[in-house]
Peer 1: 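Okay, handing you the structure first.
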Amino acid sequence: MSLDPGTVTLLTAIVVHVAGGVFVLETMLRKDDSAGRVWALAFIAAMIATEAYVLDAVTDAGWWPAAIGNGAWVTALGLFWIGVRVFNGRRGRGAGTVVTAAALLTCTAVLVEGVTSPDWNPTWLMFASNALLAALGALESLRGSMRRSRSAIGFACTLAAASAFQLIRLVATVVIGDEVDAQPWTSSTVAGLGTIGLVIVAAMSASVLRAEQVRLRGAEDSSLMAIAPDGVLLLPSFLRVLGGRLMRANRRAELFAVLVIRIDSLARIATAFGADEAEHVRQSARAAARRLSPTTAALGSDDRGALMLAFQPSSPADARQLAARMHRAMLDQLATAGVPVVPPIGMGVSLTSITGYDRDVLLDAARAAAKRAIASDDVTVVVAGEDDDEDPVAPDESARKR
């Protein structure tokens, strides 16, 4: 039995609308995360693409249905990639710029063919964009939070297969030109059947991934508060507190900040002076952080020993000043505590007005800023998104000897 291209296009549209419509409806009816919303937009873009292709197949509307279809399909694969990045807690703004540029170039390529150059073949640009975006989505599915889920394997394999097929069509287009659609393995019929499989597996995988994330988030919310003997929250409890406060701050459009305090050279201090001295340095720094923290702030620590402070400043300048005061106080505390060497201390601040209200993104930005502060010789406080040039801020002597 053979299927003509028009029938395959219609079947593809039906499958995309059914699978994508169920996912979008589920997204609307439940409290979902950001990744699920981005994936829902990807399915909507795929629906628009199939509708444009059906219109192009059954009517003589000219070049614009193909332009819309090609651009929408590139957008769909790009949104799948962005959704995976969001799932892993990474920013999607830069990726959004890439996807938007690829979609616009794909549409423009069809416009050039239909208006100015009839001999121009615009499909190679669509194949190249699809291959690249699908490959990026497959690679991102094997990183971060996605890597810990078995369901991500199916998602990654599906995107990898789509990337490989688009790459084959790109090479075939460059080599044999317009006759690519007549080849048995690169025709639009095979592409339509592959699209059906892609959409079905992607919808199932995305639904399972979303359910797993909701389950883990529910388990996290129901966990007991874990607090160290000195009153510093352990990482799971700090994340729970931070997430709740960011949710309230987001509803009220209030400014919120996270300060990450990195203490460097503890391992070298332990090697040179012993583990007891390194622990003495760590406890002295924690005591200074507790003493200087605002009353309503939440102070926690991560698995690497970095301190994390969640607080609500009155302004970005207030957040910077608090970090500078805590830095000076911690150096003074260590200098008067009898420690052999005062290690470098880096203060990294992230603000919701710059980074947004996503918990993981906000925390990662503060950690990266603290890392930049440690690496700098003349900067002790770095605000994520503001101090990209690492201008000197509240310079302090980073190391003192007794």
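In this chain, numbering begins with 1 at the start of the sequence shown.
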Peer 1: List the residues meeting side-chain contact (heavy atoms from CB on, under 4.5 Å) with Ala203, not counting sequence neighbours, and say none if there are none.
Peer 2: Ala19, Phe43

Peer 1: Measure the spacing between CG of Asp358 and CG of Leu246 and express it to the nearest 0.5 Å.
Peer 2: 8.5 Å

Peer 1: Could you list the donor-acceptor pairs under 3.5 angstrom formed between side-chain atoms of residues 130-140 and any protein atom two or more places apart in sequence or on another chain?
Peer 2:
{"residue": "Asn130", "atom": "ND2", "partner": "Met126", "partner atom": "O", "Å": "3.3"}
{"residue": "Asn130", "atom": "ND2", "partner": "Gln166", "partner atom": "OE1", "Å": "3.4"}
{"residue": "Glu140", "atom": "OE1", "partner": "Arg90", "partner atom": "NH1", "Å": "2.7"}
{"residue": "Glu140", "atom": "OE2", "partner": "Asn88", "partner atom": "ND2", "Å": "3.0"}
{"residue": "Glu140", "atom": "OE2", "partner": "Arg90", "partner atom": "NH1", "Å": "3.3"}

Peer 1: Just to verify, what does Arg248 make a salt bridge (Lys or Arg N to Asp or Glu O under 4.0 Å) with, not counting sequence neighbours?
Peer 2: none

Peer 1: State which residues pass side-chain contact (heavy atoms from CB on, under 4.5 Å) with Ala52; sequence neighbours excluded, sorted by chain then number.
Peer 2: Ile68

Peer 1: Please name all residues satisfying side chain to side chain donor-acceptor pair (under 3.5 Å) with Arg286, sequence neighbours left out, ordered by chain then number.
Peer 2: Asp230

Peer 1: Quick one: side-chain contact (heavy atoms from CB on, under 4.5 Å) partners of Ala329, sequence neighbours excluded?
Peer 2: Arg291, Leu292

Peer 1: Closer than 3.5 angstrom, by distance alone: can the side chain of Ser376 be matched with the main-chain N or O of Arg372 as a donor-acceptor pair?
Peer 2: no

Peer 1: Enumerate the side chain to side chain donor-acceptor pair (under 3.5 Å) contacts for residues 42-58, please, sequence neighbours excluded, ordered by first and then second residue.
Peer 2: His17-Glu51, Tyr53-Asn70

Peer 1: Could you list the residues that satisfy side-chain contact (heavy atoms from CB on, under 4.5 Å) with Ala317, not counting sequence neighbours?
Peer 2: Ser315, Gln321

Peer 1: Indicate yes or no for a side-chain donor-acceptor contact from Ser237 to the backbone of Leu233 under 3.5 Å, with no hydrogens or angles considered.
Peer 2: no

Peer 1: Any sub-3.5 Å donor-acceptor pair from Thr352's side-chain atoms to Phe256's backbone N or O?
Peer 2: yes

Peer 1: Under the rule for salt bridge (Lys or Arg N to Asp or Glu O under 4.0 Å), what residues qualify as partners of Arg262, not counting sequence neighbours?
Peer 2: none

